[in-house]
Amino acid sequence: MAAETGFSIITVHRAYELLESQGICLAKERSGFFVNSAAALPAPSVKEIPAEPLRIIGMSEAVLRYWNQRHAGMFGAFIPDKRLFRRDLLDKLHRSAIRSGSNHSEFGQPPGERKLQFQVAKRAAQRRIFVSPDQVVITRSGTSGLNLCLDLVTSPGDTVLVESPAYFPMLSSLHRRHLRVVEIYSSNVTGIDCGHFRYLVEQSRPSACILTVANRFPTGISYPDVALKELVKIATDFGSKIIENDMFSELSYAGGQRSLKEYDMNDTVIQFSSFANFVAPEYGLGWVIGGKHAEELKAVQFANGLQGVDAAMQKAIADYLDGFSNDRQVRRITKTLQGRMDEGLKLVREHFPEKTRVSAPHGGYMCWVRLPKHISATQLFDRPAVKTASFLPGEMFSVAAGYSNYIAMNFSGEWTAARIRAIADLGGVVRGLVPPAG
């Protein structure tokens with residue numbers, strides 16, 4: 001059905017569940033869904049449907065190639081364009097911190113430089129997240145922060161609930177830890193449905209739910225405020241932890257992005273983030289706001305040998321945030337990103353087939369594109385025009401290898417003549433694969 005309709009496997013499965021809840025079809029374990037010949041019977045309860053976890057399979061060689069090439073072509077880069085960031089002052093502070101290295105060790109000890117912890121807590125307070133510096137753990141990167149959270153709240157074989165499409169580096173972290181996954185579809189307009197979230201948490205009792213509610217990667221959308229409080233309440237009611245990916249929150253076009261941690265009164269939410277997207281990618285140290293779990297996080301970090309976080313870089317970032325306002329740079333970056341995103345969406349609509357659909361990002365630099373059905377993104381790899389343009393194939397963002405006709409595109413770069421020509425060429429290739437009408 002996914003192949004015939006062009007929708008993802010997760011979407012099709014959810015549609016079958018809705019049909020079952022209405023009594024139109026029945027689910028048979030290990031067999032699939034069948035038309036209910038006795039449709040007059042009462043519809044089975046949705047709670048009777050098992051939320052079957054999936055084991056993450058290894059990524060294909062082609063997918064790994066795109067993941068590892070962080071600057072894979074014009075639109076396949078995983079990180080924002082480095083030319084958006086001004087590093088002169090940071091580099092100067094970093095050199096100064098290295099020269100004064102006699103005052104501190106080569107590697108910072110857990111949980112990090114006190115001054116940098118203070119700066120993280122200060123920025124969190126501006127978003128109504130009130131924590132002490134002692135509750136902030138500095139990590140080598142945002143992904144290291146995620147891994148630290150996973151090591152704290154999960155064990156091999158545990159179930160973890162993730163959004164789909166997912167932040168794909170997270171899927172690799174789950175795979176290496178032998179965790180099982182329950183996917184929940186996240187709309188590229190409103191995010192996940194709270195009722196569906198409650199059902200899956202109740203049925204599968206995940207150890208952790210990994211959620212990105214601000215400028216999601218790859219759709220770029222943010223969840224409405226009304227959903228944030230409800231999601232935290234549901235996880236709290238069933239004793240599941242939420243690991244919140246807050247790495248993209250600073251890139252909101254309208255500013256003032258809320259978070260799940262703001263509504264957390266019981267330390268249900270453990271939040272991780274990074275300086276990569278709002279200070280500079282080269283200064284992409286991360287952090288975790290652990291609340292009452294901070295001491296346990298520090299112990300896990302030390303036990304895993306992850307205490308070696310560059311102290312000079314920590315000091316440079318702390319001095320930069322303390323002595324200069326980074327907010328002006330953030331406003332400039334988000335304004336630039338919004339303009340480039342608007343131009344990119346316009347070019348996609350202009351050059352891609354009529355049935356192409358795109359997300360409407362609230363922030364960030366990624367756009368989620370649904371190609372016409374029957375077009376497989378992975379089959380486009382070897383075409384010359386595609387090699388020039390590049391993109392991230394949709395299958396990277398799903399445990400079940402769904403979204404075969406989706407692509408994610410990085411629109412953070414300047415719209416030069418070469419980039420415009422590349423997206424036009426890519427659109428032309430896709431148009432050529434659409435079967436003629438009739």
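Nothing fancy with the numbering, it's 1 onward along the sequence.
Here the CG-CD1 distance, from Leu380 to Ile375, works out to 7.0 Å after rounding to the nearest 0.5 Å. Atom CG in Leu371 sits 9.5 Å away from atom OG in Ser404 (nearest 0.5 Å). A distance of 12.0 Å separates CG in Asn245 from OG in Ser259, rounded to the nearest 0.5 Å. Atom CG of Leu228 is separated from atom NZ of Lys261 by 14.0 Å, given to the nearest 0.5 angstrom. Atom-to-atom distance recorded for Phe75:CZ and Leu426:CG is 7.5 Å, nearest 0.5 angstrom. Between Tyr283 atom OH and Gln314 atom CD the span is 13.5 Å, to the nearest 0.5 Å.
Asp319 meets the side-chain hydrogen bond (donor to acceptor under 3.5 Å, both in side chains) test with Lys115, Lys315; sequence neighbours excluded. Applying the side-chain hydrogen bond (donor to acceptor under 3.5 Å, both in side chains) rule to Ser132 yields no partners; only residues at least two apart in sequence or on another chain are considered. A search for salt bridge (Lys or Arg N to Asp or Glu O under 4.0 Å) contacts involving Lys233 returns Asp237, not counting sequence neighbours. The side-chain hydrogen bond (donor to acceptor under 3.5 Å, both in side chains) test applied to Tyr167 returns no partner, not counting sequence neighbours. Residues satisfying the side-chain hydrogen bond (donor to acceptor under 3.5 Å, both in side chains) test with Arg328, not counting sequence neighbours, are none. Take His196 and apply the side chain to side chain contact (heavy atoms under 4.5 Å, CB included) test, not counting sequence neighbours, and it matches Arg14, Glu17, Ile184, Asp193, Tyr199, Leu200. For Ala235, the side chain to side chain contact (heavy atoms under 4.5 Å, CB included) partners two or more places apart in sequence, or in a different chain, are Ile242, Thr268. In this structure, the side chain to side chain contact (heavy atoms under 4.5 Å, CB included) partners of Ser274, at least two apart in sequence or on a different chain, are Met247, Ala276.
Smallest separation of non-hydrogen atoms from Ala377 and Tyr406: CB-O, 3.5 Å. The two atoms that bring Ala121 and Val131 nearest to each other are CB-O, 3.7 Å, heavy atoms only. Heavy-atom minimum distance, Glu354 versus Arg357: O-NH1, 3.0 Å. Counting all heavy atoms, side chain and backbone alike, Val201 lies closest to Cys209 at CG2-SG, 4.1 Å. Of all heavy-atom pairs spanning His374 and Ala3, the tightest one is ND1-O, 3.3 Å.
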### Message
Before you tell me yes or no, could you show the steps for Ser144 and Asn147 under side-chain hydrogen bond (donor to acceptor under 3.5 Å, both in side chains), namely the whole-Å CA-CA distance, both residues' side-chain angles and the distance that decides it to 0.1 Å?
### Response
CA-CA 5 Å; Ser144 295; Asn147 292 335; 5.3 Å; no
### Query
Would Met409 and Ile407 count as a side-chain contact (heavy atoms from CB on, under 4.5 Å) if you check the C-alpha gap in whole Å, the side-chain angles of each, and the deciding distance to 0.1 Å?
CA-CA 7 Å; Met409 304 186 76; Ile407 60 175; 3.8 Å; yes
### Query
side-chain contact (heavy atoms from CB on, under 4.5 Å) between Ile333 and Phe85: does it pass, once the steps are laid out?
CA-CA 8 Å; Ile333 290 173; Phe85 304 87; 3.6 Å; yes
### Query
Is there a side-chain contact (heavy atoms from CB on, under 4.5 Å) between Asn410 and Phe391 once you walk through the steps?
CA-CA 8 Å; Asn410 184 328; Phe391 55 81; over 6 Å; no
### Message
Does Ser359 form a side-chain hydrogen bond (donor to acceptor under 3.5 Å, both in side chains) with Asn188? I'd like the steps, not just the answer.
### Response
CA-CA 6 Å; Ser359 61; Asn188 61 3; 5.3 Å; no
### Task
Could you walk me through whether Phe278 and Asp327 pass the side-chain contact (heavy atoms from CB on, under 4.5 Å) test, one step at a time?
CA-CA 9 Å; Phe278 74 99; Asp327 294 334; over 6 Å; no
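Of the possible polar contacts, none joining the Gln117 side chain to the Ile138 backbone as a donor-acceptor pair under 3.5 Å is found. Side chain of Thr190 to backbone of Ser187: no donor-acceptor contact under 3.5 angstrom is found. Of the possible polar contacts, none joining the Arg128 side chain to the Ala125 backbone as a donor-acceptor pair under 3.5 Å is found. For the pair Tyr365 (side chain) and Leu251 (backbone), a donor-acceptor distance under 3.5 Å is absent. Side-chain atoms of Tyr403 come within 3.5 Å of backbone atoms of Ser164 as a donor-acceptor pair (strictly under, hydrogens ignored).
By the 4.5 Å heavy-atom criterion applied to side chains, Cys149 and Ile243 are counted as neighbours. The shortest distance between side-chain heavy atoms of Lys373 and Thr5 does not fall below 4.5 Å. Residues Ile210 and Leu161 are not in side-chain contact: their nearest non-hydrogen atoms beyond the backbone lie 4.5 Å or more apart. With contacts defined as side-chain heavy-atom distances shorter than 4.5 Å, the pair Leu152/His293 qualifies. Looking only at side-chain heavy atoms (C-beta outward), Val153 and Ser207 stay at 4.5 Å or farther from each other. Using a 4.5 Å cut-off on side-chain heavy atoms (C-beta onward), Met313 and Leu285 make contact. Considering only heavy atoms from C-beta on, Pro80 comes within 4.5 Å of Asn277 through its side chain.
Centroid-to-centroid, the aromatic rings of Phe272 and Trp287 stay 6.0 Å apart or farther.
For residues 322-360, no pair satisfies ring pair (Phe, Tyr, Trp, His ring centres under 6.0 Å), with sequence neighbours left out. Applying the salt bridge (charged side-chain N to carboxylate O under 4.0 Å, His left out) test to every pair with at least one member in residues 400-409, sequence neighbours left out, gives no pairs at all. The list of side chain to side chain donor-acceptor pair (under 3.5 Å) pairs with a residue in residues 218-228, not counting sequence neighbours, reads Glu163-Tyr223, Ser186-Tyr223, Asn215-Ser222, Ser222-Gln257, Asp225-Arg258.
Taking a cutoff of 4.0 Å between a charged side-chain nitrogen and a carboxylate oxygen, Asp134 and Arg114 qualify as a salt bridge. Salt bridge annotation for Glu282-Lys82: present, with a cationic side-chain nitrogen under 4.0 angstrom from a carboxylate oxygen. Note on Lys241 versus Asp267: no salt bridge recorded, every NZ/NE/NH1/NH2 to OD/OE distance being 4.0 Å or above.
Using cut-offs of 30° and 60° for the angle between ring planes, the Phe217 and Phe78 rings count as perpendicular.
The environment of Gln126 atom CD is dense: over 12 non-hydrogen atoms of other residues, nucleotides or ligands sit within 6.0 angstrom. Residue Phe238 qualifies as enclosed at atom CZ: its count of foreign heavy atoms under 6.0 Å is above 12.
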Please table the atom pairs, donor to acceptor, closer than 3.5 Å between any side-chain atom in residues 335-349 and protein atoms at least two apart or in another chain.
unit_1	atom_1	unit_2	atom_2	d
Thr336	OG1	Arg332	O	2.9
Arg340	NH1	Ser412	O	2.6

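Considering Arg127, Arg123, Arg331 as possible partners of Glu250, the one that fulfils the salt bridge (charged side-chain N to carboxylate O under 4.0 Å, His left out) test is Arg123.
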